[in-house]
Undergrad: 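So that we are looking at the same thing, I have put the structure below in structure tokens.
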Amino acid sequence: MSKLFIDGENVPATGGGTIPVYSPVTGEAYAEIARGQSQDVDAAVRAARAAVNGDWGKKTATERGRVLVQIGSKVLENIDELAEIEARDTGKPIALARKDIEALARYFEFYGGAADKVHGEVIPYLAGYTVSVVREPCGVVGHIIPWNYPAQMLGRTIAPALAMGNASVVKPAEDACMTSLRFAEIANEAGLPAGALNIVTGYGKEAGAALAEHPDINLITFTGSPGVGVAIQTAAAANHVKCVLELGGKCPQVVFEDADLDKAIPVIVGAIIQNAGQTCSAGSRVLVQRTVFDQVVARLAARFSEVRVGLPETSPDCGPIITKAQFGRVNQFIAECKQSGLPVIAEGFMDSDLPEDGYYVKPVVFGPVPRNHKLALEEVFGPVLAVLPFDDEDDAVALANGTDYGLVASIWSENGGRQQRLAKRLEGGQVFINCYGAGGGVELPFGGIRKSGHGREKGLLALDEFSITKTVVSHHG
Ligand code: ADP
């Protein structure tokens, strides 16, 4: 049975409870994790506070950076083991799991290198004054992370936090937390002092809620569903704690009549089927100029019908869905779309040797989807693509921006002016032109507006989120 990781030690949950872990590949329980609760979260926060006030907090930025770079190297040394854990836990293709572990390492390399390049400012002020603005750590950061990219999410949120001298308490998703537990051991072997990183596994409503409402947390970061985002912000508000939230999307890929379809179609399909559609920034809506609608649909259909669902070790396009509950939700969504009469443009296919009780869903593309249909507006978080026609640039913008979300968008066009006009008008944290970067790009600031959340992660901008400024005003005459 896995344990919690608190103050550099593997410890059981104080309540002694456990949670079974199911393999998405077979549907069988294959492990148990510790069911951490509020007293465990409390112990983790105390350990983190002690690290901020102790060894970790006293390190210089250069020393912190060195530790982070060392963690990145250790992750790469252990990539085979970590990728296998990640693939087993999530059901994702092994090649994708490997990329995710590389990204985990990359976060530590990037923020390790950045740690001692965060400079303050000097402000010209009244005669006889010197004013400097310095950046300081927030203190203890609570990180509540989801199951879709457990390794990447871990790196994305803790590497910048640690780079700025904070200490972290992580509540990974109960459905996929094995990689974070092994990672914590590796990080401590790499030189991270005890208490700087603590992992409390458990249910969201128990360990997660206890972390969100803890009075000694200084910042909360959360990636997950909008409803839980509201619960977390509400809990944090009672303690006046800032939240950084990334809550999903319904991201548009806008295809104009002058698009290079040879280039666009494989990328468009890849942007929805990657990780079986369980990606916040999945390109789940394809908006197509009416003049080329039939042509695009035909090409999407041809490519989509080649999409293969298979076992993670066979390098399929899609593995299973993460949990039985999520599998049920995605199937229900697809069934409702079919019952409502939405035309099916194409479906992928499943290998014949898939275990009967695994959580496999056949990818599907629907269209034309009416603008007010549930599929045009709501996130499925599965391999389901909606295709909608538009008339001109204004119509494309209205349609692209016309959901509650705003995370990522892409423009497919060979017209430079159009690319720039659209890039300005599309709402969200990232816009891609003739490409779709989705989850990639440690260097690229990422985040949403509206129901997609707020705050920015990734890139150097994340360092602002994980630190606070102090203005020092000196009067020396
Ligand atoms: P999903 O519905 O896709 O599983 P969630 O938003 O429920 O996504 O879960 C994301 C993370 O939030 C997980 O780590 C989960 O345990 C945690 N979580 C769920 N409910 C709560 C809650 N009420 N308070 C704090 N964390 C929660």
Side-chain angles (χ1 to χ4, degrees), residues 3-17 19 33-54 56-57 136-146 150 153-154 156-162 164-174 177 180-181 184 187 192-225 227-247 453-455 457 465-468:
K3 296 184 173 168
L4 311 175
F5 190 85
I6 297 178
D7 208 10
E9 306 280 343
N10 290 301
V11 294
T14 46
I19 301 173
I33 54 164
R35 180 175 169 179
Q37 288 175 289
S38 60
Q39 59 273 44
D40 303 301
V41 168
D42 206 36
V45 173
R46 268 186 275 118
R49 180 63 62 195
V52 170
N53 294 332
W56 181 240
E136 298 187 341
C138 300
V140 176
V141 183
H143 311 257
I144 300 176
I145 60 177
M153 293 291 177
L154 183 72
R156 173 170 121 186
T157 186
I158 64 174
L162 293 172
M164 294 309 293
N166 302 283
S168 295
V169 178
V170 178
K171 209 303 278 175
E174 53 273 40
C177 52
S180 58
L181 291 167
L192 191 66
L197 169 63
N198 306 274
I199 313 274
V200 182
T201 56
Y203 288 119
K205 286 216 159 84
E206 295 180 350
L211 187 55
E213 69 193 25
H214 200 288
D216 200 30
I217 292 280
N218 304 106
L219 172 70
I220 301 269
T221 68
F222 169 72
T223 300
S225 52
V228 174
V230 171
I232 286 171
Q233 287 187 99
T234 307
N239 299 315
H240 301 282
V241 168
K242 177 178 129 173
C243 297
V244 174
L245 304 171
E246 196 260 278
L247 308 173
H454 49 75
E457 297 181 274
E465 300 284 6
F466 288 96
S467 59
I468 46 173

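We use all heavy atoms of the structure for the numbers below, so side chains are in, but hydrogens, waters and symmetry mates are not. Predicted, not measured: the structure shown is a model, and the values here were computed from it.
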Undergrad: For the CD1 atom of Ile217 and the SG atom of Cys138, what is their distance to the nearest 0.5 Å?
TA: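 These two atoms lie 11.0 Å from each other.
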Undergrad: Asn239 side chain to Asp216 main-chain N or O, any donor-acceptor pair under 3.5 Å?
TA: no
Undergrad: Determine the minimum heavy-atom distance between Leu162 and Ser168, stating which atoms define it.
TA: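 Looking at all heavy atoms of both residues, the closest pair is CD2-OG, 4.1 Å.
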Undergrad: What pair of heavy atoms forms the shortest contact from Ala13 to Gly17, and how long is it?
TA: CB-O, 4.3 Å
Undergrad: Start with the C-alpha gap between Ile6 and Asn198, add the side-chain angles, then the distance that decides, and say whether side chain to side chain contact (heavy atoms under 4.5 Å, CB included) holds.
TA: CA-CA 5 Å; Ile6 297 178; Asn198 306 274; 4.1 Å; yes
Undergrad: Knowing that exactly one of Val11, Asn10, Val200 qualifies, which makes a side-chain contact (heavy atoms from CB on, under 4.5 Å) with Phe5?
TA: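 Output: one option passes, namely Asn10.
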Undergrad: Of all residues at least two apart in sequence or in a different chain, which pass the salt bridge (Lys or Arg N to Asp or Glu O under 4.0 Å) check with Lys242?
TA: Glu465
Undergrad: Closest approach of Leu245 and Gly229, non-hydrogen atoms and distance?
TA: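 So the two residues come closest at CD1-O, 4.1 Å.
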Undergrad: Side-chain polar contacts of residues 201-210 - donor-acceptor pairs under 3.5 angstrom, sequence neighbours left out - could you list them?
TA:
from, atom 1, to, atom 2, distance (Å)
Thr201, OG1, Ala34, O, 2.6
Glu206, OE1, Arg35, NE, 2.8
Glu206, OE2, Arg35, NH2, 2.6

Undergrad: Of all the heavy-atom pairs spanning Phe466 and Thr157, show the shortest one and how long it is.
TA: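 Distance-wise, the nearest heavy atoms are CZ-O, 3.5 Å.
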Undergrad: Roughly how far, to the nearest 0.5 Å, is CD1 of Ile199 from NE2 of His143?
TA: 9.0 Å
Undergrad: Do Val140 and Arg46 come within less than 4.5 Å of each other through their side chains, counting heavy atoms only?
TA: no
Undergrad: Mark yes or no for whether Asn166, through its side chain, and Ala161, through its backbone, hold a donor-acceptor pair below 3.5 Å.
TA: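 Judged by distance alone, yes, a pair lies under 3.5 Å.
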Undergrad: Could you give the distance from NZ (Lys3) to CG (Leu181), rounded to the nearest 0.5 Å?
TA: 12.0 Å
Undergrad: Are Glu457 and Pro160 close enough that some pair of their side-chain heavy atoms sits under 4.5 Å apart?
TA: no
Undergrad: Using only atom types and a distance under 3.5 Å, with no angle test, would you say the side chain of Asn218 pairs donor to acceptor with the backbone of Val141?
TA: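 Flag not set: sc Asn218 to bb Val141 has no pair under 3.5 Å.
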Undergrad: Do Leu154 and Val170 make a side-chain contact, defined as non-hydrogen atoms from C-beta onward lying under 4.5 Å apart?
TA: yes
Undergrad: Among His214, Lys171, Glu213, exactly one meets side-chain contact (heavy atoms from CB on, under 4.5 Å) together with Val41. Which residue is that?
TA: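 Only match with Val41 under side-chain contact (heavy atoms from CB on, under 4.5 Å): His214.
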Undergrad: Taking all heavy atoms of Val169 and all of Ala48, pick out the closest pair and write down the distance.
TA: CG2-CB, 3.9 Å
Undergrad: Rounded to the nearest 0.5 Å, how far does CD of Glu246 lie from NE2 of His454?
TA: 12.0 Å
Undergrad: For a quick test of reading the model, state the closest non-hydrogen atom pair linking Ile468 to Pro137 and the distance between them.
TA: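 Smallest heavy-atom distance, with atoms named: CG1-O, 3.8 Å.
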Undergrad: To the nearest 0.5 angstrom, please state how far the CG atom of Leu192 sits from the CD1 atom of Ile158.
TA: 8.0 Å
Undergrad: Taking atom CG of Leu211 and atom CD1 of Ile220, what is their separation to the nearest 0.5 Å?
TA: 5.0 Å
